[in-house]
Amino acid sequence: MVDVKVKSRLVGATAKVGRHGHPQLVSETGGELDVITSASIPGFNPLDLLYSSLAACLVLSARIAASRMGILEKLEEVSVHVTGQKSAGEPARVENFDVKFELSGDFDAAERAEIIHKAEEICTVSNTLLAMPTIRIV
């Protein structure tokens with residue numbers, strides 16, 4: 001049995017916006033990001049951040065999966081592209097996420113499928129979205 005040590009870190013983020021301008025995000029660990037609200041300005045809007053969180057979590061989880069499977073040395077690169085469809089009606093929400101994995105490395109079809117399957121099981125973000133968590137206003 002492998003002894004897994006988990007290092008805890010602060011979690012959470014704060015968003016602020018004034019009467020004018022774009023929202024600004026600050027993570028508990030000090031990361032900063034301006035949120036873009038105009039379609040003509042490059043950057044991340046709130047839905048881009050949602051898709052990005054899922055994509056980032058899945059690529060990291062795929063790497064973890066390959067490591068757990070003992071085939072990490074075969075992994076050259078993992079790419080995950082996430083898009084989605086917003087609901088036509090109320091409440092506003094994303095109804096579907098479309099996830100495309102690309103794995104570079106000397107893997108057979110079964111290994112590719114297992115890495116993707118395990119990545120889905122490992123990823124905190126996908127597990128959270130599937131579980132429909134409660135949002136508490138405190």
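In this chain, numbering begins with 1 at the start of the sequence shown.
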What pairs of donor and acceptor atoms, side-chain ones from residues 12-22 against any protein atom, are under 3.5 angstrom apart with sequence neighbours left out?
from : atom 1 : to  : atom 2 : distance (Å)
H22  : ND1    : T37 : OG1    : 3.3

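- Residue pairs meeting the ring pair (Phe, Tyr, Trp, His ring centres under 6.0 Å) criterion with at least one partner in residues 58-86, sequence neighbours excluded, do not occur; the list is empty.
- A search for salt bridge (charged side-chain N to carboxylate O under 4.0 Å, His left out) contacts involving E120 returns nothing, not counting sequence neighbours.
- Listed by first then second residue, pairs satisfying salt bridge (charged side-chain N to carboxylate O under 4.0 Å, His left out) with a partner in residues 64-74 read K74-E111, not counting sequence neighbours.
- Shown here are the salt bridge (charged side-chain N to carboxylate O under 4.0 Å, His left out) partners of E121, two or more places apart in sequence or in another chain: there are none.
- In this structure, S53 OG and D48 CG are separated by 10.5 Å, a value rounded to the nearest 0.5 Å.
- Listed by first and then second residue, the ring pair (Phe, Tyr, Trp, His ring centres under 6.0 Å) pairs involving residues 119-138 amount to none (not counting sequence neighbours).
- Contacts of E28 classified as salt bridge (charged side-chain N to carboxylate O under 4.0 Å, His left out), with partners at least two apart in sequence or in another chain: none.
- S27 is linked by a side chain to side chain donor-acceptor pair (under 3.5 Å) to T29, counting only residues two or more places apart in sequence or in another chain.
- Legend: salt bridge (charged side-chain N to carboxylate O under 4.0 Å, His left out) pairs involving residues 83-99, not counting sequence neighbours, sorted by first then second residue: R93-E95.
- Residue pairs meeting the ring pair (Phe, Tyr, Trp, His ring centres under 6.0 Å) criterion with at least one partner in residues 37-57, sequence neighbours excluded, are Y51-F97.
- For residues 123-135, there are no side-chain hydrogen bond (donor to acceptor under 3.5 Å, both in side chains) pairs, not counting sequence neighbours.
- Remark: S40 engages S38 in a side-chain contact (heavy atoms from CB on, under 4.5 Å) (not counting sequence neighbours).
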